[in-house]
Amino acid sequence: MTAHAAELAVPDFLDDRLAHWAGHNPDGEACTYLGRTWTWSQWDERVRRLAGALKSFGVGRGDVVSFLDKNHPACVELTMAASSLGAANAIINFRLAGAEVDYAVNDSGAKVLLVGSELMPLVESIRDRLTTVEHIVEITPDGAEGDEYEALLAAAEPTGRDPEVEPDDICLVMYSSGTTGRPKGVALTHANMLAHTVNAHEGWAFDEGDKNMVSMPLFHVGGSSYVLFGINDGVPSVMTRDPDGASLAGAIMQGANRTFLVPAVLAQVLQSGDDAIKLFGSLKTYCYGAAPMPLPLLRAAIKAWPDTDFIQVYGLTEVCGVITHLMPEAHRDERHPERLVSAGQCIPGCEVKVVDPDSLQEVATGEHGELWFRTPQLMKGYLNRPEDTAEAITEDGWFRTGDMGKVDAEGFVYVEDRLKDMIISGGENIYSPEIERVLAEHPAVAEVAIIGVPDDRWGETVKAVVALRPDTQATEEELIRWCREQLASFKCPKSVDILGALPRNPTGKILKRDLRKPYWEGRGRATV
């Protein structure tokens, strides 16, 4: 963080630093988005007006509001405004299908829904199923005349923070797919998010004149947590609506030089020619994570950008994002090349231990087991799911990640496999039971297993392995189309293998490890 920011006391509430910079640097640039720029005082004013509008809608402490759109500063404004009233913003993945959207909105109990114009047809198609939503407000990307959201702000009475709000109140709900196939709302508090802002920022700093590029989707914890870094430090943010090459290049040309992105973006840039490589070489910090980074890709990036500091992060939504980091010096440490496939070391304020998943006993240094973390960043729990929360968090505060790995004598964490059956493709968490549930309903499918297979761009992609019922037929294309009718496209299999029968152990469990083996043989899995 900047020297000035480091001198400030750690804030108690999510909107503290926004208010601070509005008072101390009112005319300084705060946020730029699609050609519009707001100063710190203007941005704070928008949040205060939105808080007033929400209050007029009856939103108060313990309530939930929701956001459904691509990246837009209104999402950050909604989080800040709602949290100042003691309410939480449930950010919905805009790539979801209609049935998935209505499930998440209803599960959160959202009273107000902010929706991007592009998503309004989807919302209108499920409006009668959104049983808790009392108000829907449409947002346009450019805020032009007629924008319902801008009109709402203009008419609202600015409102300050509710004095009853406490740091342990939930401010953000992020939906994460679960091993049961139904997404769970991860409830994060002011205290959680601010601990992450301070701890995950350790080891690198903004300099005078820097700008922060916010391009990760805000429905992802990597977007909504990362945007707080610039706000915390009083550094301008350039937000892109999409993380596509043209948008990222445009942000860099506007002066953005620090960013967090998924590895797939690196692959795209390196394949785009010398001009793109040179442009991205102006980034001072390239923080990456949320998906496996193929080692050849990482080595190529390090070589292509000798002056860029690379930081790898590993984390989970339940800990607000980052829990370990591999710092720039480790990326270029020729004495320890093996550390490039590690997830780095714990960030401050965090403890890690490796536990045998059967005995629940801690294993020796360097031994394989389940990774457990203890940190003030740990979620309050899964929204309205006390049993799931109790299963994930031990009585003494350890979070059971479901990720398998080891920790070496120097504290470097190696994530090697998953106890939970999850695939990470291009930064999206995809749980196989959700897809298996859909495919199992196809009339020709007798049994199905969903696995992740390596992909040089996306880290891994979804593959379905199925056995068909006797006297039935189904093609790969037909099964993929069946999934696309019911699931977001990023969750759908990119390929399907049809076998006579799936391998099983003596107790009848499908041996997914055997199905994965031929695809992963000989490939180091740099999981982050």
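Worth saying up front: this structure is predicted, and the values here are computed from it rather than measured.
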Taking atom [atom1] as the centre, does [X] end up with more than 12 heavy-atom neighbours from other residues, nucleotides or ligands that are less than 6.0 angstrom away?
X      : atom1 : result
Lys55  : NZ    : no
Glu145 : CD    : no
Glu387 : CD    : no
Lys284 : NZ    : yes
Glu134 : CD    : yes

Polar side chain donor-acceptor pair, [X] to [Y], under 3.5 angstrom:
X      : Y      : answer
Glu391 : Tyr382 : no
Asn212 : Arg258 : no
Thr285 : Asp309 : no
Asp403 : Tyr314 : yes
Trp43  : Glu45  : no
Thr37  : Thr32  : yes
Asn93  : His220 : no

Test side-chain hydrogen bond (donor to acceptor under 3.5 Å, both in side chains) applied to Ser215 - qualifying residues, sequence neighbours left out: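 So Ser215 forms a side-chain hydrogen bond (donor to acceptor under 3.5 Å, both in side chains) with Thr240.
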Plane angle bin for Phe206 and His201 - parallel if under 30°, tilted between 30 and 60°, otherwise perpendicular: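 His201 vs Phe206 ring planes: perpendicular.
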Using 30° and 60° as the class boundaries, would you call the ring planes of His72 and Tyr33 parallel, tilted or perpendicular? tilted
Evaluation steps, side chain to side chain contact (heavy atoms under 4.5 Å, CB included), between Val47 and Leu18: CA-CA 9 Å; Val47 169; Leu18 181 59; 3.6 Å; yes
Could you measure the distance from the [atom1] atom of [X] to the [atom2] atom of [Y]? Nearest 0.5 Å is fine.
X      : Y      : atom1 : atom2 : result
Asn384 : Asp107 : CG    : CG    : 6.5 Å
Leu85  : Asp162 : CG    : CG    : 6.5 Å
Trp40  : Asn25  : CH2   : CG    : 8.0 Å
Ser117 : Asp69  : OG    : CG    : 7.5 Å
Gln312 : Leu340 : CD    : CG    : 8.5 Å
Met174 : Ser225 : CE    : OG    : 7.0 Å

Counting distance only, does the side-chain N/O of [X] pair as donor-acceptor with the main-chain N or O of [Y] below 3.5 Å?
X      : Y      : answer
Asp210 : Asp207 : yes
Thr159 : Glu157 : yes
Gln377 : Asn192 : no
Arg48  : Pro158 : no
Gln42  : Thr39  : yes
His24  : His20  : yes
Glu138 : Gly116 : no
Ser108 : Val105 : yes
Thr401 : Leu371 : yes
His135 : Val112 : no

Given side chains that start at C-beta, do those of [X] and [Y] come closer than 4.5 Å, heavy atoms only?
X      : Y      : result
Cys75  : Asn89  : yes
Trp21  : Asp44  : no
Ile311 : Trp204 : yes
Phe67  : Ile92  : no
Thr324 : Val313 : no
Pro167 : Phe13  : yes
Trp305 : Lys278 : no
Pro217 : Lys70  : no

NZ/NE/NH1/NH2 to OD/OE distance under 4.0 Å, [X] and [Y]:
X      : Y      : value
Glu318 : Arg400 : no
Glu329 : Arg339 : no
Arg95  : Glu100 : no
Asp169 : Lys380 : no

Might you point out which heavy atoms bring [X] and [Y] nearest each other, and give the distance in Å?
X      : Y      : answer
Val238 : Ala251 : CG1-CB, 3.7 Å
Arg332 : Asp307 : NH2-N, 4.5 Å
Gly58  : Lys111 : O-NZ, 2.9 Å
Asp147 : Glu150 : OD1-N, 2.9 Å

Would you mind telling me which of Val269, Thr308, Leu270 makes a side chain to side chain contact (heavy atoms under 4.5 Å, CB included) with Phe280? Val269
Please find out if less than 6.0 Å separates the ring center of Phe219 from that of Phe94.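 Yes, the ring of Phe219 comes within the 6.0 Å limit of the ring of Phe94, centre to centre.
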Can you check salt bridge (charged side-chain N to carboxylate O under 4.0 Å, His left out) on Glu29 and Lys211, steps first, answer last? CA-CA 10 Å; Glu29 178 185 341; Lys211 291 186 179 182; 3.4 Å; yes
Quick one: do Lys184 and Asp388 satisfy side chain to side chain contact (heavy atoms under 4.5 Å, CB included)? Show the steps, please. CA-CA 9 Å; Lys184 297 193 290 283; Asp388 288 333; 3.4 Å; yes
Start with the C-alpha distance between His190 and Ile170, add both sets of side-chain angles, then the distance that settles side chain to side chain contact (heavy atoms under 4.5 Å, CB included), and finish with yes or no. CA-CA 7 Å; His190 292 260; Ile170 299 167; over 6 Å; no
Listed by chain and number, what are the salt bridge (charged side-chain N to carboxylate O under 4.0 Å, His left out) partners of Asp16, not counting sequence neighbours? Arg161
Residues in side-chain contact (heavy atoms from CB on, under 4.5 Å) with Glu351, at least two apart?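 By the side-chain contact (heavy atoms from CB on, under 4.5 Å) rule, Glu351 matches Arg374, Trp398.
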Residue pair Leu113, Leu130: steps toward the side chain to side chain contact (heavy atoms under 4.5 Å, CB included) verdict: CA-CA 10 Å; Leu113 178 62; Leu130 303 179; 4.0 Å; yes
